[in-house]
Chemist: 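Got a structure for you, questions after.
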Amino acid sequence: QVQLVESGGGLVQAGGSLRLSCAASGRTFSTYVVGWFRQAPGNEREFVGTIRWNTGYTYYADSVKGRFTISRDNAKNTMYLQMNSLKPEDTAVYYCATGRRFAIRADEYDSWGQGTHVTVSS
């Protein structure tokens with residue numbers, strides 16, 4: 001089973017940028033779909049975006065489309081989430097997760113990282 005570790009969260013002002021990382025160990029990402037989700041206090045876990053690792057095809061939630069970009073580094077077995085034009089409503093704990101098929105539902109993903117906090121101040 002793959003182990004995931006997110007990093008890169010922090011405090012940023014509205015309009016700023018952050019890049020999150022999701023590093024895998026134990027297995028490579030090569031056969032997976034890898035997704036980003038976020039969860040704000042009192043809210044359910046929300047889909048952000050996902051990438052099919054072997055093709056690089058990405059798909060994003062409407063709320064982040066045009067602002068967030070998922071990329072990957074095969075050599076480092078690491079996925080990134082570049083977040084630009086951040087808004088206070090982007091404040092959440094961000095998680096990466098692996099799944100076997102392209103999906104936007106959290107229950108379609110089976111291995112999760114511990115999350116990294118992102119706070120966007122107004």
Side-chain angles (χ1 to χ4, degrees):
Q1 189 167 351
V2 64
Q3 290 80 45
L4 305 174
V5 177
E6 302 95 335
S7 60
L11 173 64
V12 63
Q13 287 189 331
S17 298
L18 279 176
R19 189 178 78 157
L20 306 184
S21 300
C22 172
S25 62
R27 295 188 64 177
T28 67
F29 278 139
S30 61
T31 61
Y32 288 99
V33 170
V34 192
W36 284 101
F37 289 79
R38 64 187 182 186
Q39 189 166 19
N43 291 355
E44 293 187 354
R45 197 160 291 191
E46 174 190 17
F47 171 76
V48 174
T50 193
I51 184 169
R52 188 184 298 281
W53 197 264
N54 57 355
T55 64
Y57 178 77
T58 55
Y59 181 80
Y60 300 93
D62 287 344
S63 58
V64 306
K65 201 173 295 182
R67 300 188 297 123
F68 291 10
T69 303
I70 294 173
S71 61
R72 72 198 196 287
D73 185 325
N74 285 316
K76 295 182 178 179
N77 212 30
T78 299
M79 176 177 72
Y80 303 98
L81 180 67
Q82 178 66 43
M83 304 187 296
N84 299 328
S85 302
L86 282 161
K87 306 174 182 179
E89 52 263 43
D90 295 318
T91 296
V93 178
Y94 283 72
Y95 300 89
C96 63
T98 59
R100 289 295 183 178
R101 54 182 199 159
F102 215 70
I104 65 172
R105 286 173 42 177
D107 61 6
E108 296 279 0
Y109 293 77
D110 39 39
S111 293
W112 292 80
Q114 82 290 347
T116 186
H117 289 257
V118 172
T119 302
V120 184
S121 63
S122 56

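Residue numbers run from 1 in the order of the sequence given. As the structure is a computational prediction, the values presented were derived from the model and not from experiment.
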Chemist: Could you pull out all residues at least two apart from E108 that satisfy side chain to side chain donor-acceptor pair (under 3.5 Å)?
Modeler: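 E108 satisfies side chain to side chain donor-acceptor pair (under 3.5 Å) with R101 once adjacent residues are dropped.
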Chemist: Out of curiosity, W112 CH2 to T98 OG1, how far, rounded to the nearest 0.5 Å?
Modeler: 9.5 Å
Chemist: Return the CH2 to SG distance between W36 and C22, rounded to the nearest 0.5 Å.
Modeler: 5.0 Å
Chemist: In Å, rounded to the nearest 0.5 Å, how long is the span from OG1 of T69 to CD of Q82?
Modeler: 7.0 Å
Chemist: Is any side-chain heavy atom of Y95 closer than 4.5 Å to a side-chain heavy atom of L4?
Modeler: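 The answer is no; the side chains never approach within 4.5 Å.
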Chemist: With the 4.5 Å side-chain cut-off for hydrophobic clustering, are V34 and V93 part of the same group?
Modeler: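 Different clusters.
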Chemist: Between V33 and Y109, is there a side-chain heavy-atom distance shorter than 4.5 Å?
Modeler: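 In contact.
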Chemist: Could you see if F37 belongs to whatever hydrophobic cluster contains V118? Use Ile, Leu, Val, Met, Phe, Trp, Tyr and a side-chain cutoff under 4.5 Å.
Modeler: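 Different clusters: F37 never reaches V118 through Ile, Leu, Val, Met, Phe, Trp or Tyr contacts under 4.5 Å.
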Chemist: For a quick test of reading the model, state the closest non-hydrogen atom pair linking T58 to F102 and the distance between them.
Modeler: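 Answer, listing the atom of T58 first, then F102: C-CZ, 4.4 Å.
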Chemist: Without hydrogens or angle criteria, can the side chains of Y32 and S111 be said to hold a donor-acceptor pair below 3.5 Å?
Modeler: no
Chemist: Give, for atom OG of S122 and atom NZ of K87, the distance between the pair rounded to the nearest 0.5 Å.
Modeler: 14.0 Å
Chemist: Quick one: is the NZ or CZ of R19 closer than 6.0 Å to the six-membered ring centre of Y80, and within 45° of its axis?
Modeler: yes
Chemist: Find out if a path of hydrophobic residues (ILVMFWY) with successive side-chain heavy-atom gaps under 4.5 Å connects F47 to I51.
Modeler: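 No, no single cluster joins them.
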Chemist: State whether K65 and D62 are salt-bridged, where the test is any N-O pair (Lys NZ or Arg NE/NH1/NH2 against Asp/Glu carboxylate O) under 4.0 Å.
Modeler: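 Answer for the salt bridge query: yes.
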Chemist: Please report the closest heavy-atom contact between A92 and A40, naming both atoms and the distance.
Modeler: CB-N, 3.8 Å
Chemist: Rounded at 0.5 Å granularity, tell me how far CZ in F68 sits from OG in S17.
Modeler: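 Rounded to the nearest 0.5 Å, the CZ-OG separation comes out at 9.5 Å.
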Chemist: Quick one: are S63 and E46 in side-chain contact, heavy atoms under 4.5 Å?
Modeler: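 With C-beta onward as the side chain, the pair touches.
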Chemist: Does some side-chain heavy atom of M79 sit less than 4.5 Å from a side-chain heavy atom of I70?
Modeler: yes
Chemist: Grouping I, L, V, M, F, W and Y whenever their side-chain heavy atoms are under 4.5 Å apart, do V12 and L81 come out in a common cluster?
Modeler: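 Both belong to a single hydrophobic cluster.
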Chemist: Closer than 3.5 angstrom, by distance alone: can the side chain of R38 be matched with the main-chain N or O of V48 as a donor-acceptor pair?
Modeler: no
Chemist: List for me each residue that meets side chain to side chain contact (heavy atoms under 4.5 Å, CB included) alongside S85, sequence neighbours excluded, and say none if there are none.
Modeler: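 Testing S85 for side chain to side chain contact (heavy atoms under 4.5 Å, CB included), a comparison that skips the adjacent residues, returns R67.
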Chemist: Do L20 and E6 have side-chain heavy atoms sitting under 4.5 Å apart?
Modeler: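 They are not in contact (no side-chain heavy atoms under 4.5 Å apart), so the answer is no.
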